[in-house]
Asker: 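Have a look at this one.
Since the model is a prediction, treat every value here as computed from it, not as a measurement. We count ligands from 1, going down the list as the structure has it; atoms in each ligand are counted the same way.
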Amino acid sequence: MASILTNLFGTSVLGFSLIPLLAIGLTVYKYNSLDPESHPENTQELLQIYDFIVIGGGSAGAVIASRLSEIANWTVLLLEAGDDENEISDIPLLAGYTQLSKFDWKYQSSPSTTYCLAMVGDKCNWPRGKVLGGSSVLNAMIYVRGNRHDYDNWARLGNNGWSYEEVLPYFLKSEDNRNPYLTRTPYHETGGYLTVQEPPWRSPLAIAFLQAGQEMGYENRDINGFNQTGFMLSQATIRRGSRCSTAKAFLRPVKNRLNLHIAMHTQALKVLFNAEKRAIGVTFLRDGKQGIVRCRREVILSAGAINSPQLLMLSGIGPSEHLTEFGIPVISDLRVGDNLQDHVGLGGLTFLVNEQITLKRERFQTFSVMLEYIVKEKGPMTTPGVEGLAFLNTKYANKSGDYPDVQFHFAPSSVNSDGDQIKKITGLKDRVYNTMYKPLRNAETWSILPLLLRPKSTGWIRLKSKNPLVQPEIIPNYFTHKEDIDVLVEGIKLALQVSNTSAFQRFGSRPHTIRMPGCHKYAFNTYEYWECALRHFTFTIYHPTSTCKMGPQRDPTAVVDPRLRVYGVKGLRVVDGSIMPTIVSGNPNAPIIMIGEKASDIIKEDWRVKKKRSVERERTRFFLSK
Ligand SMILES: Cc1cc2nc3c(=O)[nH]c(=O)nc-3n(C[C@H](O)[C@H](O)[C@H](O)COP(=O)(O)OP(=O)(O)OC[C@H]3O[C@@H](n4cnc5c(N)ncnc54)[C@H](O)[C@@H]3O)c2cc1C
């Protein structure tokens, strides 16, 4: 701008009148609205009809809305029940503080007698994002793609187009990786909308974790590369030290498109069908008022693994016996809500060290740490807390060695490190917290969350009421298969080995051995004790998927076909984590973004839009460099 002004007015003008001129220029050019990182507007006046209506602006929905609105003569409406994200939700270290806030649907599993027993009411909290960006605004930002075998299995089940080789280009299409050592490989890319990088700050224990892996015979490797088994520093959806949600990544840069409307605080209540069972619109609730909007081409449901099945059932698509119970006329009898899968593990597995190197509240909630974040986008505030990841093989794992059955999340902190915030968001009972974790208030602690990658136990989502504002019933059925406990107990033993490596012994590492209330009759570190602990401190890492299963026509449990069209109706697709036929072996945010990317191309293809060359280019580039 300076050179333009110089050319226009000459140097003498610049010295004195630069600032008022700048102010006028910025106002005239609406600098804020042109800034690709400023927030999108909440469209007030909606059209009566759009080409596409996308329900839910989360990990997948934000991608779909962004990509469909690339077609200038398509009008796209994105309906989002929640508000816009803010400065606090941007701070990686404070990710836990968005839970139970207005950004969270605040769901809970139904009470159980066999899991979540350490939580108030024997129910686990199931946070879900109710905000533009969805659960990508609440999540821990960990970027993992899953195992190549996951996708090859999807294809083997009859889902043409979803093999690893066919989905990898879509991971690459989104990605803007900021770590040169990763972008030099064919498994990472730059220039996409989604920023991925290692968090700029880590504790000394992060490197100890990698060294421990080597001592245990595992390689340190990019677990998003060719082989998944191994240990790695976390890669995360972080941009310049702050959260890169899908709203920031995919919606902000395109917010000035005239053909894209975003309606926040707008909850879809029902999808409407005509006599030919074609989706023709949506009813919604906005600021307390009910409305209707119609569509010319399609409704895309991207409300997530809990709300998508709920909305389908409310609209007459679901198990006929269940819908009839609620007096809902059946439009398509499908196994909606079945097949619920989630990653589950042991919460609160804690270790102590002797040195002051862990992440404790009094150490990170200081003025200088905050200033470092605000001014330099650096320091402890930029870590999502999970510093290291590992994918390991227990004795039950596939003998190939490259399809691990357990994942570790390593953190230089534990339940006690953040005052009682973790107690609050996990819903731990006072008795459990006071017995096990309160005594650690002044201790230096770290933890591993051992997680089951491919659970055999599955659950379901069902309606509790015909009222769309009532939370649906969530029954995860954790640990109904004994094999799930067997694998996890082996995973816990591997976690204990990490503490025994010389990498951790140099800090005096040892497990915290106070036993879980309710499990006192078992000796610490026996199979029975760990089973009991798992059934008490059952830890969902918030990855529900698979409740609107993708599958071929011959599969009676499938809800959508491999082009994500809902069976038995027209003009309706589901695009989010609920379509995964089986849960991926890793954190699902990146895979769900991939699903959004691939679905966008499928939709464009089905409406005969000329193919963009970018994905083909990625594919060619990948195979040439292999
Ligand atoms: C606390 C937490 C931590 C996590 N950590 C990680 C992690 O570190 N890495 C990782 O890979 N994954 C993580 N996950 C999981 C991951 O974020 C989710 O699996 C993913 O974001 C889900 O994407 P989605 O598009 O299926 O649904 P969502 O992102 O949940 O999007 C659904 C959207 O639909 C909106 N919506 C729902 N119903 C309606 C309606 N009726 N009308 C209008 N709008 C509606 C919601 O408000 C929401 O915005 C975490 C999740 C949570 C909750």
Asker: Less than 4.0 Å between a side-chain N and a carboxylate O, is that true for Arg573 and Glu298?
Answerer: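 Yes.
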Asker: In chain order, what residues pass the disulfide (SG to SG under 2.5 Å) check against Cys116, with sequence neighbours excluded?
Answerer: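 For Cys116 the disulfide (SG to SG under 2.5 Å) partners, ignoring immediate neighbours, are Cys124.
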Asker: Suppose we screen for salt bridge (Lys or Arg N to Asp or Glu O under 4.0 Å). Which residues come up paired with Lys270, at least two apart in sequence or across chains?
Answerer: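 None.
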Asker: Sequence neighbours left out, what passes side chain to side chain contact (heavy atoms under 4.5 Å, CB included) with Arg294? Give chain and number order.
Answerer: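 Testing Arg294 for side chain to side chain contact (heavy atoms under 4.5 Å, CB included), a comparison that skips the adjacent residues, returns Ile49, Ile280, Ile292.
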Asker: Heavy-atom cut-off of under 4.0 Å around ligand 1: list whichever protein residues fall inside it, by chain and number.
Answerer: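 Ligand 1 is contacted, at a heavy-atom distance under 4.0 Å, by Ile55, Gly56, Gly58, Ser59, Ala60, Leu79, Glu80, Ala81, Gln99, Trp105, Pro127, Arg128, Gly129, Lys130, Val131, Gly134, Ser135, Ser136, Leu138, Asn139, Ala140, Met141, Ile142, Thr266, Gln267, Ala268, Ser302, Ala303, Gly304, Asn307, Tyr542, His543, Asp576, Gly577, Asn587, Pro588, Asn589, Ile592.
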Asker: Does CD in Glu37 sit with more than 12 non-hydrogen atoms of other residues, nucleotides or ligands closer than 6.0 Å?
Answerer: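 Yes, the 6.0 Å shell around CD holds more than 12 heavy atoms from other groups.
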Asker: Please say which of Asn159, Thr582, Thr557 ends up in a side chain to side chain donor-acceptor pair (under 3.5 Å) with Lys549.
Answerer: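 Answer to the side chain to side chain donor-acceptor pair (under 3.5 Å) test with Lys549 among Asn159, Thr582, Thr557: Thr557.
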